A.B. asks: 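Pasting a structure below so you can have a look.
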Amino acid sequence: ADVALLAAAGSEGAIAVYDEATDPHRPERLSLMGDLLRALEQDEGLALHYQPKLDLATGRIDSVEALVRWRHPRLGLLPPDAFVGLAEQTGHIRRLTRWVLATGIAQASRWHAAGRDMRVSINVSARDVEDAELPRRVAALLAAHGLPAASLVLEITESALMRDPDAALPVLERLAAQGIALSIDDFGVGQSSFAYLRRLPVRELKIDRAFVAPLAQSPEDRVIVRSIVELAHALGCRVTAEGVEERAALDYLATVGCDHAQGYLVARPMEAVALDAFEPDLEFA
Ligand code: C2E
Ligand code: CA
Ligand code: CA
Ligand code: CA
């Protein structure tokens, strides 16, 4: 049974909870991380799937989000939720991100070389953007693959940005100066402080699917989504709505001027080869 232990309340009155179920030092979790390091070293079992983003103005797919998957030798196909958080807690996330960047940039450069204009978004974590080496590493990968910086987008959540803003800010500024776009992921659900929107070179807001999925049924969520689109555009950002599952939601997003839609209605994440042949199955006005 899981032992939950209430630790001392922090200065902000928050209560830290020790929960055996999420303890990164549990033996099977450590061995999972050992397996992950081996998979990264041997480049075996890890894969990126790509989820198309629909440009609502043109009805075309002009960008994708790279999402990591892991075919574990014993445990089978693992979703990112099964190992990304653990990699963050154990400090292995930078290794994983390096692999994701190298793989995603290599794929983007294949599309680029084939004449297909496709921006690729890659998810990065708090520890990645607190790493002063990140901008140089990304620049080296772009150069090695001959990929223009404008083809790369880095997605980061508000809470990851806020963990150590003093470390993250110079890294993000350098990335932006290199021409790499920054996207705020899961916008609206974090303990968000709009202050960073003034300080950071943000190019895109991604509206969390918590607001998008219920759009058709919820007037409140329609107000929130419309307001985020307005805020984003007023700040010179583009907007992607994630988790679009219903046609009514897509139509509403198009009506309020949202730039991109991403979700199962448009397409599920897929392998790169499947994307080459993919056309959205949607009638467009
Ligand atoms: P996210 O960045 O918010 O990614 C979107 C997630 O929503 C993906 O789950 C995607 O498959 C799922 N999704 C897309 N459309 C729909 C929809 O219409 N309905 C529903 N219900 N879900 C939809 P996935 O691939 O399991 O990824 C989960 C999370 O894991 C991601 O959330 C992201 O935070 C993290 N993640 C994935 N790949 C990476 C990576 O390479 N590096 C890092 N650091 N994190 C990653
Ligand atoms: Ca994301
Ligand atoms: Ca997201
Ligand atoms: Ca999310």
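Just follow the structure's listing: the first ligand is 1, and inside any ligand the first atom is 1. The model shown is predicted, which means the values in this text are computed figures rather than measured ones.
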A.B. asks: Counting distance only, does the side-chain N/O of His145 pair as donor-acceptor with the main-chain N or O of Leu147 below 3.5 Å?
C.D. replies: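 No.
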A.B. asks: Classify the contact between Leu96 and ligand 1 as side chain, backbone, both or neither, using a heavy-atom distance cut-off of under 4.0 Å.
C.D. replies: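 Neither; nothing of Leu96 gets under 4.0 Å from ligand 1.
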A.B. asks: State whether Asp186 contributes an N/O/S atom found under 3.0 Å from the Ca ion (ligand 3).
C.D. replies: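 Checking the Ca ion (ligand 3) against Asp186, an N, O or S atom does fall under 3.0 Å.
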A.B. asks: Would you mind running through ligand 1 and noting each atom that sits below 4.0 Å from a heavy atom of Val84?
C.D. replies: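 Answer for ligand 1: 43 (C), 44 (N), 45 (N).
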A.B. asks: By number and element, which atoms of ligand 1 are closer than 4.0 Å to a non-hydrogen atom of Glu65?
C.D. replies: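 Listed by number with element: 2 (O), 4 (O).
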A.B. asks: Spell out, as yes or no, whether a donor-acceptor pair under 3.5 Å connects the side chain of Arg238 to the backbone of Glu204.
C.D. replies: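 The answer is no, because no donor-acceptor pair under 3.5 Å joins these two groups.
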A.B. asks: Heavy-atom distances under 4.0 Å are what count here, so tell me which part of Val68 touches ligand 1: side chain, backbone, both or neither.
C.D. replies: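 Val68 to ligand 1: contacts from backbone and side chain alike.
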A.B. asks: Taking only heavy atoms of Asp186, which atoms of ligand 1 are found under 4.0 Å from at least one of them?
C.D. replies: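 Contacts of ligand 1 toward Asp186, numbered from 1: 3 (O).
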A.B. asks: Do ligand 1 and Thr97 have nitrogen or oxygen atoms that lie under 3.5 Å from each other?
C.D. replies: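 No, no N or O pair falls under 3.5 Å.
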A.B. asks: So, applying side-chain hydrogen bond (donor to acceptor under 3.5 Å, both in side chains) with Glu65, which one of His49, Gln51, Gln262, Lys53 is it?
C.D. replies: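 Exactly one option meets the side-chain hydrogen bond (donor to acceptor under 3.5 Å, both in side chains) with Glu65, and it is Gln262.
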A.B. asks: Under a 4.0 angstrom heavy-atom cut-off, which atoms of ligand 1 come close to Val100?
C.D. replies: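 Counting from 1, the qualifying ligand atoms are 41 (O).
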A.B. asks: With no hydrogens and no angle check, is any side-chain donor or acceptor of Thr58 less than 3.5 Å from a backbone partner on Arg60?
C.D. replies: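 Yes: the side chain of Thr58 pairs with the backbone of Arg60.
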A.B. asks: Does a side-chain heavy-atom distance below 4.5 Å link Ile156 with Asp185?
C.D. replies: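 No, every pair of side-chain atoms sits at 4.5 Å or beyond.
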A.B. asks: So which bit of Asp208 gets within less than 4.0 Å of ligand 1, heavy atoms only: side chain, backbone, both or neither?
C.D. replies: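 The answer is neither.
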A.B. asks: With carbon and hydrogen excluded and only N/O/S kept, which atom of Glu155 is nearest the Ca ion (ligand 2)?
C.D. replies: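 Looking only at N, O and S atoms of Glu155, the one nearest the Ca ion (ligand 2) is named OE1.
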A.B. asks: Between Glu245, His49, Arg209, flag the one that comes closest to atom 6 (C) of ligand 1 by a heavy atom.
C.D. replies: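 Nearest heavy atom to atom 6 (C) of ligand 1 lies in Arg209.
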A.B. asks: What N/O/S atom of Glu242 is the closest to the Ca ion (ligand 3)?
C.D. replies: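 Within Glu242, restricted to N, O or S, the Ca ion (ligand 3) is closest to atom OE1.
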A.B. asks: Do any of the N/O/S atoms of Thr157, backbone or side chain, fall under 3.0 Å from the Ca ion (ligand 2)?
C.D. replies: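 So Thr157 does not count as coordinating the Ca ion (ligand 2).
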A.B. asks: Whether the His112 and Asp117 side chains hold a donor-acceptor pair (N or O, under 3.5 Å, no angle test) is what I'd like checked.
C.D. replies: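 No, because no side-chain N or O of His112 sits under 3.5 Å from a partner of the opposite role on Asp117.
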A.B. asks: Treat each ILVMFWY residue as a node, draw an edge where side-chain heavy atoms are under 4.5 Å apart, and state whether Leu67 and Val212 are in one component.
C.D. replies: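 No, Leu67 does not connect to Val212 through the hydrophobic network.
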A.B. asks: Hey, does Phe83 have a side-chain heavy atom less than 4.5 Å from the side chain of Ile93?
C.D. replies: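 Sidechains of Phe83 and Ile93: no contact.
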A.B. asks: Tell me, yes or no, whether the heavy-atom count around Arg116 atom CZ, taken from other residues, nucleotides or ligands under 6.0 Å, exceeds 12.
C.D. replies: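 Yes.
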A.B. asks: Give the atom numbers and elements of ligand 1 that come within less than 4.0 Å of a heavy atom of Pro80.
C.D. replies: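 Every atom of ligand 1 under 4.0 Å from some heavy atom of Pro80: 24 (P), 25 (O), 26 (O), 27 (O), 28 (C), 30 (O), 36 (N), 37 (C).
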A.B. asks: Output the list of atoms in ligand 1 that are nearer than 4.0 Å to some heavy atom of Asp81, sorted by atom number.
C.D. replies: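 This gives 28 (C), 29 (C), 30 (O) as the contact atoms.
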A.B. asks: Please determine whether any non-hydrogen atom of Arg268 lies less than 4.0 Å from an atom of ligand 1.
C.D. replies: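 It does not, in that no heavy atom of Arg268 comes within the 4.0 Å cut-off of ligand 1.
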A.B. asks: Do Ser125 and ligand 1 have an N or O pair less than 3.5 Å apart?
C.D. replies: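 Yes; the residue has a nitrogen or oxygen that sits under 3.5 Å from a nitrogen or oxygen of the ligand.
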A.B. asks: Does only the side chain of Gln51 get under 4.0 Å from ligand 1, or the backbone, or both, or neither? Count heavy atoms.
C.D. replies: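 Gln51 to ligand 1: side-chain contact only, backbone stays beyond 4.0 Å.
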A.B. asks: Just so I know, are the side chains of Leu152 and Val138 near enough to count as touching, which here means a heavy-atom distance under 4.5 Å?
C.D. replies: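 The answer is yes, as the side chains (C-beta and beyond) meet within the 4.5 Å cut-off.
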A.B. asks: Answer yes or no on whether Arg199 is positioned over the face of Tyr196, meaning its NZ or CZ is under 6.0 Å from the six-membered ring centre and within 45° of the axis.
C.D. replies: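 No, Arg199 and Tyr196 do not form such a contact.
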A.B. asks: Polar contacts were defined as any N/O atom of the residue lying under 3.5 Å from an N/O atom of the ligand; does this apply to Gln262 and ligand 1?
C.D. replies: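 It does not: no N or O of Gln262 is found under 3.5 Å from an N or O of ligand 1.
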A.B. asks: In Glu65, the N, O or S atom nearest to the Ca ion (ligand 2) is which?
C.D. replies: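 Among the N, O or S atoms of Glu65, the one closest to the Ca ion (ligand 2) is OE2.
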A.B. asks: Under 4.0 Å, heavy atoms only, figure out whether ligand 1 is touched by the backbone of Asn123, its side chain, both or neither.
C.D. replies: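 Asn123 to ligand 1: contacts from backbone and side chain alike.
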A.B. asks: Say whether Glu88 and ligand 1 are in contact under the criterion: heavy-atom distance to a ligand atom below 4.0 Å.
C.D. replies: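 Distance cut 4.0 Å: Glu88 fails for ligand 1.
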A.B. asks: Could you walk me through whether Arg38 and Glu41 pass the salt bridge (Lys or Arg N to Asp or Glu O under 4.0 Å) check?
C.D. replies: CA-CA 5 Å; Arg38 228 172 345 255; Glu41 236 152 62; over 6 Å; no
A.B. asks: Of all the N, O or S atoms in Asp185, which has the shortest distance to the Ca ion (ligand 3)?
C.D. replies: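 Asp185's closest N, O or S atom to the Ca ion (ligand 3) is named OD1.
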A.B. asks: Is the shortest distance from a heavy atom of Pro79 to ligand 1 less than 4.0 Å?
C.D. replies: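 Outside the 4.0 Å threshold, so no.
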A.B. asks: Decide if atom CD of Gln42 counts as having more than 12 heavy atoms of other residues, nucleotides or ligands within a radius under 6.0 Å.
C.D. replies: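 Yes, CD of Gln42 has more than 12 neighbouring heavy atoms, counting only those of other groups under 6.0 Å.
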A.B. asks: With respect to the Ca ion (ligand 3), please indicate if Asp208 possesses an N, O or S atom at a distance under 3.0 Å.
C.D. replies: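 Checking the Ca ion (ligand 3) against Asp208, no N, O or S atom falls under 3.0 Å.
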A.B. asks: What distance do Thr157 atom OG1 and Lys206 atom NZ have between them, rounded to the nearest 0.5 Å?
C.D. replies: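 Spacing of OG1 (Thr157) from NZ (Lys206) equals 12.0 Å.
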A.B. asks: Less than 4.5 Å apart, any side-chain heavy atom of Leu172 and any of Val202?
C.D. replies: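 No, side chains not in contact.
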